[in-house]
Amino acid sequence: MRLGAVSSTMILGGAVLCLAACQPKPTATPGALLGWAYPQGVKSHLPPYPAGLQQIPGSAVTYTGEALNKGAGPPDWFPDSHPPAPEVVAQGRKGLMACAECHQIGGGGSLGSPNLAGLSEDYIVQQVREFREGRRTSWKANWPTNQDMIKVAKTVTDEELAAAAAYYAALPYKPRVRVVEGETAPATKPNYYGWLDLDPGKPPQPLNGQVIEVAEDWPRMLLADPNAVIVVHAPVGATARGQALAESGGGNGQACAACHGPGLKGSPVAPPLAGRSAAYLARQLLDIKTGARNGPMVSQMQGPARGLNDEEIRDLAVYAASLKP
């Protein structure tokens, strides 16, 4: 499995500490307007790598699609850009897929899986333990990527986890998200594993208050190109509304930067949010709000998250996604 099949929820989770301290507002069932953050089609296999010789812009490395489909991956397109990856990251083992299958060798993640590069070792280790010990579940029952990550967390050894955490923590964070506001987005269809595939030949779809995240160049994303861009199509005004909430703290009065630092670039007490996937951040806020994520790692965020309605969660997530790390 690859391209985010395991983790739309992987390590970055507490990533929303303090994202939102806002005044509670009446709302319908939590998550009723956030279905866009949980795309899921019928269960199916991931698409195979294309046949023949494969290469991405800027890389001298080549693979054949046939070799990648037989297990030659995860692809490492820029081997000189990082230290040697530990086995658990680059190859995995029987019963445990390689971390890079979803989070890539460079840690940049993909559609459906978060960016791990530059997070602290302790933070990465603790988040995997949250999955392992039942404190990181999902608002959406049986969300596939969450279930897969729980399985990984229960399978990986402490030694393997420590090696993976040290490796990813040493890598530089490189953003790959761009926010575009408008009224429409390209036509899409949901993938079983939690992201949207482009649906060529169909007319643009109206956003109608949703956020639509897609690969700008799907073939490059499929090949795990670390420089492939994820485009966040958001409703007009979402970024500005999210910024106002983040800076004012809403009715609670605690600005997000109080914990996550200026520009939401992270601090010693909270991870960076800037440039992250809006869908991922929205899922984490909703999980915390509804108690699907609990425990000491998110206790400071539970009160503010409960005060957010679905539109505020959307706008805050879009704003954070729009920031440059």
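None of the values given here were measured: they were computed from a predicted structure.
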If we ignore hydrogens and angles and just use 3.5 Å, is the side chain of [X] paired with the main-chain N or O of [Y] as donor and acceptor?
X: W77; Y: L223; value: yes
X: D197; Y: K189; value: no
X: N191; Y: L196; value: no
X: H233; Y: L207; value: no
X: E121; Y: A162; value: no
X: S248; Y: A244; value: yes
X: S110; Y: S113; value: no

Which heavy-atom pair separates [X] from [Y] by the least distance, and what is that distance?
X: P203; Y: A187; value: O-CB, 3.4 Å
X: P86; Y: A163; value: CG-O, 3.8 Å
X: V211; Y: V318; value: CG2-CG2, 3.7 Å
X: P74; Y: A90; value: CD-O, 3.1 Å
X: L119; Y: P271; value: CD2-CB, 4.3 Å
X: F78; Y: G58; value: CE2-O, 3.2 Å

Check each of R293, R136, R135 against E130 using the side-chain hydrogen bond (donor to acceptor under 3.5 Å, both in side chains) test, and report the only one that passes. R135
Evaluate the side chain to side chain contact (heavy atoms under 4.5 Å, CB included) criterion for residues Y38 and L286: first the C-alpha distance (whole Å), next the side-chain angles of each, then the deciding distance (0.1 Å), finally the verdict. CA-CA 11 Å; Y38 296 85; L286 185 58; 3.8 Å; yes
Heavy-atom neighbours of E183 CD exceed 12 at 6.0 Å: no
Find out if a path of hydrophobic residues (ILVMFWY) with successive side-chain heavy-atom gaps under 4.5 Å connects [X] to [Y].
X: Y167; Y: L96; result: yes
X: L33; Y: W36; result: no
X: L285; Y: V177; result: yes

Ion pair check, [X] and [Y], cut-off under 4.0 Å:
X: R176; Y: D225; answer: no
X: K202; Y: D199; answer: yes
X: E312; Y: R241; answer: no

Start with the C-alpha gap between V128 and V156, add the side-chain angles, then the distance that decides, and say whether side chain to side chain contact (heavy atoms under 4.5 Å, CB included) holds. CA-CA 9 Å; V128 175; V156 69; 4.3 Å; yes
Take M97 and V88 through the test side chain to side chain contact (heavy atoms under 4.5 Å, CB included) and record every step on the way to the result. CA-CA 8 Å; M97 77 169 62; V88 66; over 6 Å; no
Would you tell me whether [X] and [Y] have side-chain atoms, one donor and one acceptor, within less than 3.5 Å of each other?
X: T184; Y: Q205; answer: no
X: S299; Y: Q302; answer: no
X: E213; Y: S277; answer: yes
X: E181; Y: T239; answer: yes
X: H82; Y: D76; answer: yes

Under the criterion side chain to side chain contact (heavy atoms under 4.5 Å, CB included), I'd like the reasoning laid out for R283 against K140: C-alpha separation, chi angles, the key distance, then a yes or no. CA-CA 9 Å; R283 287 194 294 270; K140 187 176 178 69; over 6 Å; no
NZ or CZ of R276 within 45° of Y173 ring axis and under 6.0 Å: yes
